[in-house]
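Here the structure is laid out as structure tokens; the discussion comes afterwards.
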Amino acid sequence: MEYNFREIEQKWQQRWVEQKTYQVAEDSSKKKFYVLNMFPYPSGAGLHVGHPLGYIASDIYARYKRLQGFNVLNPMGYDAYGLPAEQYAIQTGQHPEVTTFQNINRYREQLDKIGFCFDWNREVRTCDPGYYHWTQWAFQKMFNSFYCYKCQSAQPIDSLIKHFEEKGTEGLDVAQSEELTFTAEEWKAMDEKQKSDTLMNYRIAFLAETNVNWCPGLGTVLANDEVVDGVSVRGGFPVEQKKMRQWCLRVSAYAQRLLDGLDTIDWSESIKETQRNWIGRSEGAEVKIKVADSDVEFTIFTTRADTMFGVTFFVLAPESELVDLVTTADQRKAVDDYIKYVKGRTERERMIDHTVTGVFSGAYGINPITGDKCPIYVAEYVLAGYGTGAIMAVPAHDSRDYAFAKHFNLPIIPLIEGADISEESYDAKEGIVMNSPKVEPLSNSPEGEDSLVLNGLTVKEAIAKTKEYITRTGLGRVKVNYRLRDAIFSRQRYWGEPFPVYYKNGIPQMIPEECLPIQLPEVDKFLPTETGEPPLGNATCWAWDEANKQIVENSKIDNQTVFPIELYTMPGFAGSSAYYLRYMDPHNNEALLSKQAAEYWQNVDLYVGGSEHATGHLIYSRFWNKFLYDLGISVKEEPFQKLINQGMIQGRSNFVYRIKDTNTFVSLDKKEGYEVTPIHVDVNIVSADVLDVEAFKAWRPEYHDAEFILNDEGKYICGWAVEKMSKSMFNVVNPDMIVEKFGADTLRLYEMFLGPVEQSKPWDTNGIDGCHRFLKKFWNYMTADTKECDPTAQELKALHTLIKKVTGDIEQFSYNTSIAAFMICLNELTKIKSESKAVKEALAVLIAPFCPHLAEELWEMLGHATTVCDAPWPAFNEEYLKEDNMKMMVAFNGKARFPLEFPVGTEQQTIIDTALQEPQSQKWLEGFNVVKVIVVPGKMINIVLKPA
RNA sequence: GCCGAAAUGGUGGAAUGGUAGACACGAGGGACUUAAAAUCCCUUGGCCAUAACGGCUGUGUGGGUUCGAGUCCCACUUUCGGUACCA
């Protein structure tokens, strides 16, 4: 009987749907296991063979876990909001929802052919109002919360208001944009607008005037992770800095918890390290600096408190408000000119061009420890967004300060013994401190021993000592800074979640929770309005009737009872930040998810996706989950317990070689001596690097009359290279095509056989034959004569070797080696003419995670009426692998020479004696003395020799 | 610059510190066939050697630890990712 994969796969895919094989429900009698793939953005190009890699890997694991008896949740959905659909809409007028739905259908069609065990009943789409209801809801919760450092959690904003009413800001330890101080009386005296503005300083979702990455090409702001090299990730348009009023999320409040949480999860060290760097914790100190001849005082942040004696100037960020306060009259013009210059520079220019620029402000700052007066400069190398936007410059021990000092001819004072600073600064945090004279105790210091002596200490000691000194004397304080910024949460786009917010006299108000979701309105144009408002400004029905609690036409806006609704929409990461929770209870209209579902499914046990989301989605999601955890919605502090980053499948491009100025193409092995241009050729008309010449002629009109110089066998051989898989390289291989030709089971097997899941590797269709041949042989073996007799010892040995290998390998996601084990096992069973039904049944179960269609068909043929998905995973029995003899290698000085067999349990001394007396040993022993013999039971007898 | 991962045949890749190159592709040879496809068998890291056996060498480079290193340690080279005036 032939292996008819088309029939088999179609039959089982249909049956799985009919019998709802993959629908799961909470079942307290079983342990849960939650497998999740990062849901895809359904792009117009459809899936190529690289996309399903992670899905297949997780599908195998999900099926394996189910066979192990777990109740497995393995859902799938779509990250449906995104720029491409909107850009397409702008160009064609086609509503983004239409193209998105088309793309989703195409994705689904492709996915279905591969035979995944997704529970499609739980599908979510971020653009579905039933879904984004909870995105809006979470946003409102964030708006109505602040972050309390004392209790290390988000708290309702009402409790903060109460605190203000009673004590003002006294005794607060909370996350805030800037440090405010006011009394209860002052708070009570504020009007509504002032109160609203003040609360924005504390809310977790808040409005702020911030410097944003403005992308004129896209007409919207972008998050830091959406900008690479000064251009937008989507579209590659230039990005500039602009001050705008934006919704932001106070991600920075969770910086420490995001950092600490990394130690509790099973992710690759490299991705955790990336997140640690992104969070960028740095311990340092803030020091207050008085400006000479002025009342102005500013604060600097430093991690090198030990270098206070090497300060020769101070620097302010150009955007800092302090610049205006310190600049003297005679330097005013120079400073203004410089600031104008800085503003005119794009983000990109600043990134590429690191030449030293800056200007003297005219003012001097006083070093609080030495009392020295040092000039204050304004320079763009100091960033407003980090620390306090002001630094003390120690040119001897900071390369940026060094370059600046050299450029402006400022003094450089070395502070570390033996450091050569004639050519460059000495930045290392090690060495012995010098040049730091004793600082006498201040009059206000308590006990007598209060001087500061740094000379002779190591840098580490000196940092600690200085920090302690400035804290004690009130010159400053110890401070931890994080590089992690608050996330900008609004976009000037159409195709995103609308904000459930309206504006009453400029004060943002939340639309009542019971009115959610508020749905994205229809617009006639997807571009910004003529007055420069975001696309939602085109909506005619986008106003909030407060009394009647409903959306009404804009024309009714009177700012008395009907108010304008927010025109911004939410960014892409809004919908993808908590989708894993929604899968647990996707049809719930009352809540994001029920308590019961949350308690049962907890969090994701295995998350599979690309590492490119390390500083985007994977940070935002962790933040979002921690916030929901504080609210008691999510039951686990970390959303994704184990993370596997699947590698990228690269394309394998093929080339033809056109002889210059002709339409003649020369085969790779004949091209020596010709001047040729390599041209990408569609890999789908090339087979094993041999070009289908007729297909090539038909491929494009300009090749219709092409001529060829073939090799001696009459073939045209193409060159090849590994490149990114993309349309423009003509190297895209479509999974449907592979499924059509070889079947889904072969595709699944081959994708895993290519190499480790986490590794990037090129796709090469050439190798797929091997996997297909294996399945054919497997099929032949399984469908051949079968007897219901006890398996022989040989059969059991082959089988249990396989069980052990496959079980261990799947646990470690080492699928390629377990497939190799299948191939070896099959060879063995064929060789010994195995016919045992019991062995075949076990094999059908073992292969089920990899090739589910085939496994089902075989399971049925073996006489089972139920799905193989619920069969028990075969138990491993060590007994069957036990051998009577152990094979050992005799080695001389570590070099293996010949094998020797001993009965199991042979005495060590007997082994040594036998090995030494073995005739084969004699020639190695000649002329040498035996120093010692090392026996590794079952492996190695190493005889250590020394010349006689 | 900093952080991370990696480097093994013609190719993809295997190897708890114990016979390097499993498994597969490709290639070469053979069987079956009128022929092709399909299928099956043999060979396949390099060098030397043989009637046959065999020997040497070999995991990016240079050191080290060890009876024994692809694997552990130190230094370096290259490649690929991430990040970048973060004080």
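The figures here come from the full heavy-atom set of this structure, side chains too, leaving out hydrogens, waters and symmetry mates. Residue numbers begin at 1 in each chain, while the letters A, B, ... track the order of the sequences.
Nearest-nucleotide positions on RNA chain B for A/Y381 and A/R897 put A/R897 closer to the 5' end. Heavy-atom distances to RNA chain B give each of A/S282 and A/S760 a nearest nucleotide, and the one nearer the 5′ end belongs to A/S760.
B/G10 has its base anti relative to the sugar, with a glycosidic angle deviating from 0 by more than 90°.
A donor-acceptor pair under 3.5 Å is absent between the side-chain atoms of A/K288 and the main chain of A/P368, judged by distance alone. The backbone N or O of A/V806 sits nowhere less than 3.5 Å from a side-chain atom of A/S818 that would complete a donor-acceptor pair. A donor-acceptor pair under 3.5 Å links the side-chain atoms of A/D486 to the main chain of A/S252, judged by distance alone. At distances below 3.5 Å, not a single donor-acceptor pair connects side-chain atoms of A/T307 with backbone N or O atoms of A/G310. Counting only distance, with no hydrogens or angles, the side chain of A/N893 and the backbone of A/L945 share a donor-acceptor pair below 3.5 Å. The backbone N or O of A/R652 sits nowhere less than 3.5 Å from a side-chain atom of A/D764 that would complete a donor-acceptor pair.
To the nearest angstrom, P of B/G13 lies 13 Å from CE of A/M752. Between the P atom of B/C41 and the NZ atom of A/K831 lies a distance of 10 Å, rounded to the nearest Å. Straight-line distance from the CZ atom of A/F774 to the P atom of B/U39: 15 Å, rounded to whole Å. Whole-Å rounding puts the A/W763 CH2 to B/G13 P distance at 13 Å. The interatomic distance linking A/I912 (CD1) with B/C67 (P) rounds to 16 Å, in whole Å. Protein atom CZ of A/F813 is 16 Å distant from nucleotide atom P of B/A14, rounded to whole Å. Look at CG on A/L775: it is 13 Å from P on B/U39, rounded to the nearest Å.
At a cut-off of 3.5 Å, with distance as the only test, a side-chain donor of A/H772 or A/T746 sits close to an acceptor on the other residue. Judged purely by distance below 3.5 Å, without hydrogens or angles, the side chains of A/Y381 and A/D401 pair a donor atom with an acceptor atom. Donor-acceptor pairing under 3.5 Å is lacking for the side chains of A/S611 and A/N645. Defined by atom type and a distance below 3.5 Å, a donor-acceptor pair is present between the side-chain atoms of A/Q256 and A/R281. Between A/E901 and A/N885, the side chains place a donor N or O and an acceptor N or O closer than 3.5 Å (distance only, hydrogens not considered). When only modelled atom types and interatomic distance are considered, A/D427 and A/S399 share a side-chain donor-acceptor pair under 3.5 Å. Looking only at atom types and distance, the side chain of A/E286 has no donor-acceptor partner in the side chain of A/T299 under 3.5 Å away.
Between A/Y781 and A/F778, the ring planes are tilted. Angles from 30° to 60° get that label. In this pair, A/Y426 and A/H397 present their aromatic rings perpendicular. The plane angle is above 60°, beyond the 30 to 60° band.
Distance OG1/A/T312 to CE/A/M392: 10.5 Å, rounded to 0.5 Å. Distance SG/A/C771 to CG/A/L754: 8.0 Å, rounded to 0.5 Å. Between A/I412 atom CD1 and A/L410 atom CG the span is 8.5 Å, to the nearest 0.5 Å. Taken to the nearest 0.5 Å, the OH atom of A/Y386 stands 10.5 Å off from the OH atom of A/Y482.
Among the heavy atoms of the strands, none lies under 4.0 Å from A/S399. At a threshold of 4.0 angstrom between heavy atoms, the contacts of A/W924 are confined to the sugar-phosphate backbone, with no base atom among them. Residue-level contact check: A/V315 touches neither bases nor backbone, having no heavy atom under 4.0 Å from any strand. Across all strands shown, A/L383 has heavy atoms under 4.0 Å from base atoms, whether or not it also approaches the sugar-phosphate.
As rounded to the nearest Å, B/G70 and B/G58 have P atoms that lie 10 Å from one another. Here, B/C25 and B/G17 have their P atoms 30 Å apart, quoted to the whole Å. Comparing the same atom, C1', in B/C41 and in B/A52 gives a spacing of 23 Å after rounding to whole Å. For the P atoms, the distance linking B/A49 with B/G63 amounts to 30 Å, nearest Å. Comparing B/A38 with B/C32, their C1' atoms are spaced 11 Å from each other, to the whole Å. Taking the C1' atom of each, B/U59 and B/U43 are spaced 23 Å apart, rounded to whole Å. Rounded to the nearest Å, the gap between the P atom of B/A7 and that of B/A15 is 12 Å. For the P atoms, the distance linking B/U50 with B/U34 amounts to 42 Å, nearest Å.
Listed by first residue number, the stems of RNA chain B with at least three Watson-Crick or G-U pairs below 3.5 Å are B:1-7 with B:77-83, B:10-12 with B:23-25, B:26-31 with B:39-44, B:45-48 with B:54-57, B:60-64 with B:72-76.
Relative to the side chain of A/L754, the nucleotides B/G12, B/A15, B/C3 differ in distance, and B/G12 lies closest. The nucleotide whose nearest atom lies closest to any side-chain atom of A/E380 is, among B/C85, B/G55, B/G12, B/C85. Distances were taken from every side-chain heavy atom of A/D398 (C-beta onward) to each of B/A14, B/C67, B/A87; the shortest belongs to B/A87. Proximity note for A/H354 (side chain, C-beta onward) versus B/A38, B/C85, B/A14: the nearest is B/C85. Side chain of A/K932, nearest nucleotide from B/C67, B/G55, B/A87: B/C67.
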Can you pull every protein N or O that's under 3.5 Å from an N or O on nucleotides 43-48 of chain B?
none

Pairwise N/O distances under 3.5 Å, protein to nucleotides 24-31 of chain B:
unit_1 : atom_1 : unit_2 : atom_2 : d
B/C25  : OP1    : A/R773 : NE     : 3.3
B/C25  : OP1    : A/R773 : NH2    : 2.6

All N/O contacts under 3.5 Å from nucleotides 18-21 of chain B to the protein, with atom names and distances to one decimal?
unit_1 : atom_1 : unit_2 : atom_2 : d
B/G18  : N2     : A/N942 : ND2    : 3.2

Please list, pair by pair, any protein nitrogen or oxygen found under 3.5 Å from a nitrogen or oxygen in nucleotides 71-82 of chain B.
none

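Between A/F301 and the choices A/I391, A/N481, A/V287, the side chain to side chain contact (heavy atoms under 4.5 Å, CB included) rule is met once, by A/N481. Only one option out of A/W763, A/Y815, A/F742 pairs with A/Y750 in a ring pair (Phe, Tyr, Trp, His ring centres under 6.0 Å); it is A/W763.
Applying the 4.0 Å criterion to OP1 and OP2 of B/G13, one finds that A/Q759 has a side-chain N or O inside that range. Close to B/A87, at under 4.0 Å from its OP1 or OP2, lies a side-chain N or O of A/Y386. Considering only side-chain N and O atoms, A/K761 lies nowhere under 4.0 angstrom from the phosphate OP1 or OP2 of B/G13.
Taking a 4.0 Å limit (strictly below) on heavy-atom distances, residues 478-487 of chain A reaches RNA chain B at A/R483, A/R485.
Annotation: A/F314 is not in aromatic contact with A/Y377 [ring centroid separation under 6.0 Å not met].
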